[in-house]
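Inspection log for the structure reproduced underneath, given as structure tokens.
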Amino acid sequence: MADAYLCMVEEALAKAVSDEGIPAGLRESMAYSLLAGGKRLRPRICLACCDMLGGSIKDALALACGVEMIHAYSLIHDDLPCMDDDDFRRGKPSSHKMFGEAGAVLAGDALLSHAFEWMLSRAPEEPGRLRDYVRAMRAIAGGAGARGMVAGQSLELSGALDRNEAVLEEVHRKKTGALICAAAAAGGYAAGGGEEELRAISVFAESYGALFQIADDISDSDAEAGDGKNYVSVCGLEAARALAREKANKAREALLPFAERARYLLDMVEATLRGACALP
Ligand code: GRG
């Protein structure tokens, strides 16, 4: 069965960058990265959390798209020569290879601010729902910004990753985990979730974010022989897999109160864990 969340997100994202008010060249560079076939993990988590709490996923769709626009900006900037200097992203030339460095910086800047305009212009009017929507947007801004993803990137660039496993965890919790947690919380708030539900969602998302990062490190791992920069090179392959299993268990446990309503998220955990534990 086609993933209904994914279809909704793809359709809405295409609409978000078809705005004729955006100059054609800028629109092209934004669309190039936003519509480039990512897994849409963060918006799917956002919609699934909303659905799991009995909310209407239409109420979370603009938030889910906002998170994906922020994710797309972060990848564009991460690929720049002054950061990771990657020529390819998802098997295609990276943004600065297509549009030049200035073009890529602007595509990222535009996606970041467009995300907030898109979310704000779709805020509900009813006061109770508006309050929850503001909470969701605050979670997204926090996860993306100076205490979240940008903090993680900054720590990594400062060389912190070379220190030890605890620092590695902190960098990844911020760089990768914070936006995943924000996506999940935004879905929970959009559904009008209570404190306890939001707490469970937060434990799930923190654990899943760590699992996702470890799985990504394992799949990347020829481990760049001991350069100290990922879970495999710091802990070794078997310890990284054990940690992945531990995080998967914690994520599953956090979803227990939602029983079968958590099926989509549980399937995501299994798929990511399978990736981490695939041979060799
Ligand atoms: C430049 C502010 C700034 C932040 C960059 C997210 C990030 C921070 C950099 C991406 C680099 C990276 C490889 C991070 C590890 C996490 C990860 C695997 C990100 C890619 O996310 P996916 O797999 O990407 O969800 P897709 O392509 O599916 O959208």
Side-chain angles (χ1 to χ4, degrees), residues 3 5-6 9-10 13 30-46 48 64-96 101 104-113 115 140-158 160-161 168-184 205-206 208-221 223-224 227 229-234 240 244 247 268 271-272 275-276:
D3 182 323
Y5 300 151
L6 185 61
V9 167
E10 291 296 348
L13 288 176
M30 291 164 76
Y32 179 79
S33 294
L34 188 65
L35 309 179
K39 295 182 289 299
R40 312 305 193 194
L41 186 83
R42 295 152 193 80
R44 288 193 288 124
I45 288 176
C46 178
C65 290
V67 172
E68 187 66 8
M69 285 184 239
I70 294 167
H71 170 63
Y73 120 77
S74 79
L75 297 181
I76 294 172
H77 283 193
D78 189 61
D79 289 338
L80 285 169
C82 61
M83 299 239 186
D84 258 16
D85 195 10
D86 277 317
D87 290 352
F88 290 93
R89 167 70 56 187
R90 301 168 178 147
K92 283 173 40 180
S94 44
S95 181
H96 63 273
E101 267 187 74
V105 168
L106 287 176
D109 291 343
L111 281 165
L112 176 58
S113 30
I140 293 169
R147 289 181 296 115
M149 181 178 70
V150 176
Q153 181 77 350
S154 170
L155 272 171
E156 180 171 351
L157 288 177
S158 73
L161 268 189
L168 180 73
E169 212 211 320
E170 187 194 355
V171 168
H172 290 315
R173 186 161 36 79
K174 292 182 168 150
K175 181 178 154 178
T176 315
L179 198 58
I180 292 178
C181 287
E206 267 179 39
Y208 181 77
L211 167 64
F212 174 76
Q213 182 64 56
I214 298 164
D216 189 64
D217 284 357
I218 290 174
S219 76
D220 273 1
S221 69
E224 285 145 26
D227 70 352
K229 285 199 174 148
N230 68 45
Y231 278 101
V232 179
S233 55
V234 168
K247 299 292 179 188
M268 258 177 136
T272 308

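Note that the structure is predicted; figures quoted are calculated from it, not measured. For the numbers below, each heavy atom of this structure counts, side chains included, while hydrogens, waters and symmetry mates do not. Whatever order the structure lists ligands and atoms in, that order sets their numbers, starting from 1.
There is a protein heavy atom closer than 4.0 angstrom to atom 18 (C) of ligand 1.
For atom 11 (C) of ligand 1, the closest non-hydrogen atom on the protein side is Asp78 OD2, 3.0 Å. For atom 27 (O) of ligand 1, the nearest non-hydrogen atom of the protein is Arg90 NE, 2.8 Å. Atom 3 (C) of ligand 1 has as its closest protein heavy atom Gln153 CG, 3.9 Å. For atom 22 (P) of ligand 1, the closest non-hydrogen atom of the protein is Lys39 NZ, 3.4 Å. Taking atom 6 (C) of ligand 1 as the reference point, the nearest protein heavy-atom neighbour is Ser74 OG, 3.6 Å. In this structure, atom 2 (C) of ligand 1 lies nearest to the protein heavy atom Tyr73 OH, 3.5 Å. In terms of protein heavy-atom proximity, atom 24 (O) of ligand 1 is closest to His71 NE2, 3.4 Å.
Of the heavy atoms in Asp84, none comes closer than 4.0 Å to ligand 1. Residue Asp216 touches ligand 1 through its side chain alone, judged by heavy-atom distances below 4.0 Å. Counting heavy atoms under 4.0 Å from ligand 1, residue Gln213 touches it through the side chain alone.
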Salt bridge (Lys or Arg N to Asp or Glu O under 4.0 Å) between Lys175 and Glu156, worked out: CA-CA 9 Å; Lys175 181 178 154 178; Glu156 180 171 351; 2.7 Å; yes
Apply side chain to side chain contact (heavy atoms under 4.5 Å, CB included) to the pair Asp109 and Leu106, showing each step before the final yes or no. CA-CA 5 Å; Asp109 291 343; Leu106 287 176; 4.2 Å; yes
Using side chain to side chain contact (heavy atoms under 4.5 Å, CB included), reason through Leu35 and Met30 one step at a time and then give a plain yes or no. CA-CA 8 Å; Leu35 309 179; Met30 291 164 76; over 6 Å; no
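No N or O atom of Arg89 sits closer than 3.5 Å to an N or O atom of ligand 1. At a 3.5 angstrom cut-off on N or O pairs, Arg42 counts as close to ligand 1. Residue-to-ligand polar distances keep Lys175 apart from ligand 1: every N/O pair is separated by 3.5 Å or more.
Listed for the Arg44 side chain is a donor-acceptor partner under 3.5 Å among the backbone atoms of Lys39. Distance alone, capped at 3.5 Å, places no donor-acceptor pair between the Asp86 side chain and the Phe88 backbone. Within the 3.5 Å criterion, the main-chain N or O of Val150 finds no donor-acceptor partner in the side chain of Ser154. Of the possible donor and acceptor atoms, one in the side chain of Arg90 sits under 3.5 Å from a partner among the backbone N and O of Ser33.
Those atoms of ligand 1 with a heavy atom of Leu75 less than 4.0 angstrom away are 10 (C). Residue Thr176 has at least one heavy-atom neighbour below 4.0 Å for each of these atoms of ligand 1: 15 (C), 16 (C). Ligand-side atoms of ligand 1 in range of Gly38: 26 (P), 27 (O), 28 (O), 29 (O), range being under 4.0 angstrom from any heavy atom.
Side chains of Tyr32 and Ser95: a donor-acceptor N/O pair is absent below 3.5 angstrom, by distance only.
The shortest distance between side-chain heavy atoms of Lys247 and Tyr208 does not fall below 4.5 Å.
By the salt bridge (charged side-chain N to carboxylate O under 4.0 Å, His left out) test, Arg40 pairs with Glu10, Glu68, sequence neighbours left out.
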What pairs of donor and acceptor atoms, side-chain ones from residues 73-82 against any protein atom, are under 3.5 angstrom apart with sequence neighbours left out?
unit_1 : atom_1 : unit_2 : atom_2 : d
Ser74  : OG     : His71  : O      : 2.8
His77  : NE2    : Val105 : O      : 3.1
Asp78  : OD1    : Gln153 : NE2    : 2.8
Asp79  : OD1    : Arg89  : NH2    : 2.8
Asp79  : OD2    : Arg89  : NE     : 2.9

